[in-house]
Amino acid sequence: MSHYRSNLRDIEFNLFEANRLDTTLADGAFGDIDADVARDVLTEVERLASGPFSDAFVAGDRTPLELDSDGEVTIPKETKQALDAFYGAGWGALNLPEHLGGFSAPPSLQWAAMSMLIGADPPALMYAGGMFFADITDQLVTDEQRERWIRPWVERQWGGTMVLTEPDAGSDVGAARTRAVDNGDGTWSLHGIKRFITNGDFDWPENIVHLVLARPVDDDGQPLTGLGTKGLSLFLVPKHWPREDGSPGERNPVWARSIEDKMGLKASSTAEMEFDGARGVLAGERHEGIKQMFKVIEYARMLVGTKAIETLSTGYLNALDYAKERVQGTDLLQAGDKSAPRVEIIRHPDVRRMLMRQKAHAEGMRALVFYTASIQDRVEMAEPGSEEEQQLHKRNDLLLPLVKGYGSEKSYELLADSLQVFGGSGYTKDYPLEQYIRDAKIDTLYEGTTGIQGNDLFFRKVGKDQGATLGALLDEIREVAKGDLGGEQLAAERAQLDGALEEVQTMLGSMVGFLGDESGKGLYLVALNTNRFLFALSELVIGWLLLSHAGLALDALQRDDLSDKDRAFYDGKVASARWFAHNALTAMSARREAMQRTDLSVMELDDAAF
């Protein structure tokens with residue numbers, strides 16, 4: 001039986017009932033894809049996720065990768081079978097534009113498909129990332145480069161990587177030492193070591209294109225485009241230099257020198273890569289590396305958050321199944337009766353508490369992912385260069401740290417609850433929970449740690465336009481909090497949302513106030529609280545989305561034609577919103593008070609005292 005438990009019903013609720021994807025598709029902005037086609041896509045992708053992708057999950061964890069002396073990595077056969085099924089069914093084209101032979105599917109449908117696949121087997125979906133990298137790179141290159149590189153990349157289903165990190169340049173990307181020398185023939189030679197490169201090498205595709213950040217230098221090794229991040233350029237560096245027909249030619253001197261021995265995601269080839277004069281081309285023939293790479297980074301951050309949240313979802317649903325089947329103990333109200341029947345553990349209060357905590361957060365964070373995806377739909381539909389498009393871009397940028405930062409942290413935290421429901425059995429490899437936890441920890445680390453996400457949220461996403469984008473979002477939340485959504489049935493929850501909104505606004509004011517602290521060290525005070533603010537804003541937005549969903553559910557529950565299954569689903573949506581409002585949003589005041597009490601003591605403590 002598949003380890004993976006999808007929640008297709010909730011995915012469809014988010015897409016079609018909450019975000020009205022059917023209306024978006026009716027506009028014709030996404031070609032021939034209509035609501036029926038979209039639902040068929042979801043059904044077929046769920047089948048792929050529950051079949052070949054899920055089948056590769058355990059085998060990939062327990063079959064060691066093999067690295068030979070030529071830098072070639074062999075991956076498990078089950079992972080290759082998942083890739084065969086993915087490309088064989090044509091899913092590599094889902095995210096591609098029509099001019100590359102793709103479906104031009106709306107981002108929300110793409111993320112729905114990817115969420116199920118990455119929930120079933122993260123390494124397999126990441127190995128299939130070549131098409132996603134090709135799509136992004138297509139937006140960066142010249143017309144000539146598109147024909148020479150992107151078209152064969154897509155048609156021949158090459159792999160792809162993003163190559164930033166170095167042994168001495170992790171989060172500090174600007175410290176990168178990998179250098180690029182102009183060969184004078186339209187190509188550059190790259191020299192350097194890169195580390196922690198996902199999919200650095202693997203033996204399924206005939207070729208791999210590495211998207212590499214490197215510093216252009218002259219013959220004397222002096223930087224041509226400056227120091228720091230602004231002096232980096234983006235290069236397309238293939239494993240094999242392609243012939244004119246796209247087939248792989250000579251081996252380029254870029255090698256996987258070692259494979260990381262990791263806590264989880266063991267099927268994923270995370271490599272240290274050596275670029276020993278490897279040839280590449282400058283993306284778009286422009287020295288705008290960090291700006292170009294950020295398009296890749298933003299996609300990756302959304303993917304990481306989605307991966308984390310979908311892992312929590314399948315963890316929760318596995319725990320739910322177990323709790324409904326495992327019989328242990330009597331009902332607490334009959335604990336003193338030795339003849340009382342034994343009950344399923346879902347009847348025990350603490351188990352129900354853990355399940356409800358997982359359910360509310362998994363559904364709330366999924367709502368955050370698909371709300372963000374719906375903003376991306378609207379970006380694609382907006383007039384290019386218009387004010388509407390610019391504002392939508394800013395809204396998307398604001399939400400990404402929430403998806404990635406909060407999504408990864410909270411999912412990892414709550415997977416412990418998923419395992420806890422199983423008791424000691426969850427600690428064994430008889431069930432997938434221990435692997436979920438091992439595979440999920442990386443989500444808080446790569447593509448920018450949570451601390452980086454918190455700083456990015458406050459200093460770039462909020463500070464960049466003096467809080468205008470955040471203010472517009474808070475205004476929408478206020479409309480719900482001050483309105484009559486759900487009538488009396490949701491009056492208490494609206495009040496909790498309103499209170500949480502006030503707390504977040506107070507916290508924002510405190511953060512801004514810290515900047516002018518008389519100590520001259522206000523940045524320390526801000527940085528001690530950026531994660532706290534990230535979590536508070538995330539939970540406010542999730543509370544708003546869950547409450548909005550509860551309003552839709554209450555409306556649906558008025559219908560006479562609901563099946564028992566649908567009625568239970570909508571009851572569950574209302575329950576999730578209520579639980580979150582009364583348990584997560586009520587904790588906001590404690591966050592605010594802790595922030596306001598922040599001082600410099602932790603920064604002034606002698607290192608020896610830690």
Participant: For Phe53, give me all partners under ring-ring contact (aromatic ring centres under 6.0 Å, His included), at least two apart in sequence or on another chain.
Facilitator: none
Participant: Side chains of Asp377 and Ser108: do they bring a donor and an acceptor to under 3.5 Å?
Facilitator: yes
Participant: Donor-acceptor pair, Thr444 side chain versus Lys441 backbone, under 3.5 Å?
Facilitator: yes
Participant: Can you tell me if CD on Glu604 sees more than 12 non-hydrogen neighbours from other groups inside 6.0 Å?
Facilitator: yes
Participant: Check for a donor-acceptor pair, side chain of Asn318 on one end and backbone N or O of Thr314 on the other, with a separation under 3.5 Å.
Facilitator: yes
Participant: Taking the side chain as C-beta and beyond, is there a heavy-atom pair between Lys410 and Met365 under 4.5 Å?
Facilitator: yes
Participant: Are there more than 12 heavy atoms of other residues, nucleotides or ligands under 6.0 Å from atom CD of Gln420?
Facilitator: no
Participant: Using modelled atom types only, decide if a donor and an acceptor are shared between the side chain of Asp599 and the backbone of Ser601 within a distance under 3.5 Å.
Facilitator: yes
Participant: Could you tabulate the donor-acceptor pairs under 3.5 Å formed by side-chain atoms of residues 551-558, not counting sequence neighbours?
Facilitator:
unit_1	atom_1	unit_2	atom_2	d
Gln558	NE2	Leu554	O	3.4

Participant: May I ask you to say whether Asp350 pairs ionically with Arg353, meaning some side-chain N is under 4.0 Å from a carboxylate O?
Facilitator: yes
Participant: Using modelled atom types only, decide if a donor and an acceptor are shared between the side chain of Thr469 and the backbone of Asp465 within a distance under 3.5 Å.
Facilitator: no
Participant: Less than 3.5 Å apart, any donor N or O on the side chain of Ser576 or Glu363 sitting next to an acceptor on the other?
Facilitator: yes
Participant: Decide whether Asn7 and Ser313 meet the rule of one side-chain donor and one side-chain acceptor closer than 3.5 Å.
Facilitator: no
Participant: Would you say that Ser538 contacts Phe535 through its side chain, given a criterion of any heavy-atom pair below 4.5 Å between the two side chains?
Facilitator: no
Participant: Just wondering, more than 12 heavy atoms not from Tyr427 lying within 6.0 Å of its OH?
Facilitator: no
Participant: When you compare the side chains of Glu434 and Thr428, does any donor N or O come within less than 3.5 Å of an acceptor on the partner?
Facilitator: no
Participant: Which residues pass the ring-ring contact (aromatic ring centres under 6.0 Å, His included) test with Tyr299, sequence neighbours left out?
Facilitator: Trp111, Phe132
Participant: Check ring-ring contact (aromatic ring centres under 6.0 Å, His included) between Tyr436 and all other residues, then give those that pass, not counting sequence neighbours.
Facilitator: His3, Phe57
Participant: Test your reading of the model: is there a side-chain donor-acceptor pair from Thr449 to the backbone of Leu445, 3.5 Å cut-off?
Facilitator: no
Participant: Can you find a side-chain donor-acceptor pair between Gln391 and Arg395 that sits under 3.5 Å?
Facilitator: no
Participant: Looking at Asp560, I'd like to know if its CG atom is crowded, meaning that more than 12 non-hydrogen atoms belonging to other residues, nucleotides or ligands lie closer than 6.0 Å.
Facilitator: no
Participant: Strictly distance-based, threshold 3.5 Å: is any side-chain N or O of Asn14 a donor or acceptor partner for the main-chain N or O of Asp10?
Facilitator: yes
Participant: With a 3.5 Å cut-off and no angle check, do the side chains of Glu539 and Tyr406 form a donor-acceptor pair?
Facilitator: yes
Participant: Should we say atom CG of Asp475 is surrounded by more than 12 heavy atoms from elsewhere, each under 6.0 Å from it?
Facilitator: yes
Participant: Taking only Lys NZ, Arg NE, NH1 and NH2, and the carboxylate oxygens of Asp or Glu, determine whether Arg357 and Glu413 approach each other closer than 4.0 Å.
Facilitator: yes
Participant: Flag the pair Glu503 and Arg592 as a salt bridge only when some basic side-chain nitrogen lies within less than 4.0 angstrom of an acidic carboxylate oxygen.
Facilitator: yes
Participant: Hey, mind stepping through Asp22 and Arg20 against salt bridge (charged side-chain N to carboxylate O under 4.0 Å, His left out) and telling me if it holds?
Facilitator: CA-CA 5 Å; Asp22 49 347; Arg20 300 307 305 272; 3.4 Å; yes
Participant: Sequence neighbours excluded and cut-off under 3.5 Å, please list the side-chain donor-acceptor pairs for residues 340-349, or say none.
Facilitator:
unit_1	atom_1	unit_2	atom_2	d
Arg342	NH1	Ala340	O	3.2
His348	NE2	Gln328	O	2.7

Participant: Quick check: does any side chain N or O of Thr598 sit under 3.5 Å from a backbone N or O of Met595, one acting as donor and the other as acceptor?
Facilitator: yes
Participant: Kindly indicate, with the supporting measurements, whether the criterion ring-ring contact (aromatic ring centres under 6.0 Å, His included) is fulfilled by Phe580 and Trp544.
Facilitator: CA-CA 10 Å; Phe580 199 88; Trp544 166 58; over 10 Å; no
Participant: For the residue pair Arg326 and Tyr431, would you count it as a cation-pi contact if the rule is NZ or CZ under 6.0 angstrom from the ring centre and within 45 degrees of the ring axis?
Facilitator: no
Participant: Could you tell me whether Glu310 and Arg366 have a side-chain N and a carboxylate O separated by less than 4.0 Å?
Facilitator: yes
Participant: Can a donor-acceptor pair be found, under 3.5 Å and without considering hydrogens, that links the side chain of Arg494 to the backbone of Leu485?
Facilitator: yes
Participant: If you measure from the Lys or Arg side-chain nitrogens to the Asp or Glu carboxylate oxygens, is any gap between Asp61 and Arg438 under 4.0 Å?
Facilitator: yes
Participant: When you measure from the side chain of Asp498 to the backbone of Arg478, do you find a donor-acceptor pair of N or O atoms at a distance under 3.5 Å?
Facilitator: no
Participant: Quick one about Gln110 and Asn95 (side-chain donor to acceptor, distance below 3.5 Å, no hydrogens or angles considered), yes or no?
Facilitator: no
Participant: Just wondering, do Asn396 and Leu392 contact through their side chains at under 4.5 Å, heavy atoms?
Facilitator: no
Participant: For the residue pair Arg39 and Phe16, would you count it as a cation-pi contact if the rule is NZ or CZ under 6.0 angstrom from the ring centre and within 45 degrees of the ring axis?
Facilitator: yes
Participant: Could you check whether atom CZ of Arg597 has more than 12 heavy atoms from other residues, nucleotides or ligands sitting under 6.0 Å from it?
Facilitator: no
Participant: If we only count heavy atoms from C-beta on, is the Asp443 to Ser411 side-chain gap below 4.5 Å?
Facilitator: no
Participant: Please name all residues satisfying side-chain contact (heavy atoms from CB on, under 4.5 Å) with Leu605, sequence neighbours left out, ordered by chain then number.
Facilitator: Ala609, Phe610
Participant: In the structure I gave you, are the side-chain heavy atoms of Met263 and Ile442 within less than 4.5 Å of one another anywhere?
Facilitator: no
Participant: Carefully, step by step, assess Arg9 and Glu12 under the rule salt bridge (charged side-chain N to carboxylate O under 4.0 Å, His left out).
Facilitator: CA-CA 5 Å; Arg9 179 67 181 88; Glu12 291 182 335; 5.4 Å; no
Participant: May I ask you to decide if Gly448's main-chain N or O and Gln453's side chain share a donor-acceptor pair within less than 3.5 Å?
Facilitator: yes
Participant: Give a yes or no on whether Tyr524 atom OH has more than 12 heavy-atom contacts from other residues, nucleotides or ligands under 6.0 Å away.
Facilitator: no
